[in-house]
Number of protein chains: 2
Amino acid sequence: MLLSKACVYGLRSSLFLASHEGDGYISIREMSEKLDISFHFLTKILQQLTSAGLMESHKGPKGGVRLTKSGSEVSLFEIVAAIDGTELFTECALGLPGCGVKKPCPLHDKWADTRDGIRLMLEGTNLVELAKKGKKENLRITEDGGFEWI
Amino acid sequence: MLLSKACVYGLRSSLFLASHEGDGYISIREMSEKLDISFHFLTKILQQLTSAGLMESHKGPKGGVRLTKSGSEVSLFEIVAAIDGTELFTECALGLPGCGVKKPCPLHDKWADTRDGIRLMLEGTNLVELAKKGKKENLRITEDGGFEWI
DNA sequence: AAGTTTTAAGAGTATTTTATCTTAATTTAA
DNA sequence: TTAAATTAAGATAAAATACTCTTAAAACTT
């Protein structure tokens, strides 16, 4: 799998938040139910995004989480980097530590290009863009399609 | 990680075999030592490649494994598909089962392109090509660089 | 101030991946 | 025909990932 489950859940909930921009804090419980993600697991994932500075949280009634900046300024890359780290974008396809221009493996050049393709796609896509597309075309971000864009 | 450890080891040993084309069966013990991979683990990985038809094995003294066809006809994609499966090349970036043209997620189009980039790179690269490059430019396929192309 | 709602944090469990160990089966060679 | 070399296969162990549960801390409401 390219991205960990935690990362995928992080992306889905980030899209959720981007589609609720201006609605203040959204409770994790609500998101976990609408996105069909284990509440406690999602809590931990969002804690990572919060400590990475991408979200801010608030305790108590009317608490929850929200994006710290506009979703149009948050790229998918930022979410992925905060949860799965950037190893995917620097690592060697053959798993050799320190593989790079100076000390490459036979696959380095080709893989570096491919890897950059993934990175550029993620960097060039922001949350609001996807949320708008999802809403406009009524696309799903949950398995059962139970999620409704608002 | 893009590829599992097993897959990476499978690729490294496939490159080894491609650089030994025509030398008959190569013992797994020898490969495990030269590539610094756990012998038993490598054995299981090569069993997968054997049952996938990419390699053939022979027991007893002078036994080992060898490629069933010329390494120039074996793409990296075939090795990856035999060990990690093709899920990576069909799966949804948001982890939604059945995501595709008919029932896409908001990221589907962009990810499908990126995914194809990975696939094309792997399909367009064969074992001998890499082994030759590795030998010519003296590139490493082990962590410590202890491996020597012959 | 008390009770309720909510996130935070840590411990615990389950599953998958990675790796090891042991025994069996096969093949060669003396 | 016996011994040694080698892959095959199954059981076990360790580590990483994916979740779950419990308790604590904070903030709002009355």
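These figures come from a predicted structure and were not determined experimentally. Convention: sequence-line order gives letters A, B, ...; per-chain numbering from 1.
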Between CD of E56(A) and P of dT6(C) the distance, given in whole Å, is 18 Å
- Find out whether L17(A) and M31(A) are in side-chain contact, i.e. whether some heavy atom of one side chain is under 4.5 Å from a heavy atom of the other. yes
Q47(B) atom CD is separated from dT26(C) atom P, nearest whole Å, by 14 Å
Nearest heavy-atom approach of F147(A) to K34(A) is CB-O, 3.9 Å
Taking for P61(A) and for G60(B) the nucleotide of DNA chain C with the nearest heavy atom, the one nearer the 5' end belongs to P61(A)
Exercise. State, yes or no, whether a side-chain contact exists between E73(A) and N126(A) at a heavy-atom distance under 4.5 Å.
Key: no
Bounded by its outermost nucleotides with an atom under 4.0 Å from a heavy atom of chain B, the footprint on DNA chain D reads dA5(D) to dA11(D)
Output yes when K110(A) and E129(B) qualify as a salt bridge under the 4.0 Å nitrogen-oxygen rule, no when they do not. yes
Sorted by number, residues from residues 1-16 of chain A placing a heavy atom under 4.0 Å from DNA chain D are S4(A), K5(A), Y9(A)
K59(A) atom NZ is separated from dT5(C) atom C1', nearest whole Å, by 12 Å
inquiry  = If the cut-off is 4.0 Å, is S27(A) near the phosphate of dT5(C), judged by side-chain N/O to OP1 or OP2?
reply    = no
_K69(B)/E56(B) ion pair, N-O < 4.0 Å_ = no
From CD of Q48(B) across to P of dA19(C) the rounded distance in Å is 13 Å
So, with a heavy-atom separation below 4.0 Å from DNA chain D, the residues of residues 37-46 of chain A are S38(A), H40(A), F41(A), K44(A)
field: Basic-acidic side-chain contact under 4.0 Å: K133(A), D109(B)
entry: yes
- Query: Salt-bridged, R140(B) to E148(B), with N to O below 4.0 Å?
  - Reply: no
Taken to the nearest whole Å, CD1/I83(B) to P/dT18(C) is 11 Å
Can you find a heavy atom in the side chain of Y25(B) that is under 4.5 Å from one in the side chain of H20(B)? no
Exercise. Taking everything shown except E87(A) itself, do over 12 heavy atoms lie less than 6.0 Å from its CD?
Worked result: no
In whole angstroms, the gap separating C1' of dT6(C) from CD of E33(A) amounts to 13 Å
Tell me whether the NZ or CZ atom of R115(B) lies within the 45° cone about the ring axis of F89(B) and under 6.0 Å from its centre. no
message = Test side-chain contact (heavy atoms from CB on, under 4.5 Å) on R119(B) and F77(B); report intermediate values, then the result.
response = CA-CA 7 Å; R119(B) 183 183 191 129; F77(B) 178 80; 3.5 Å; yes
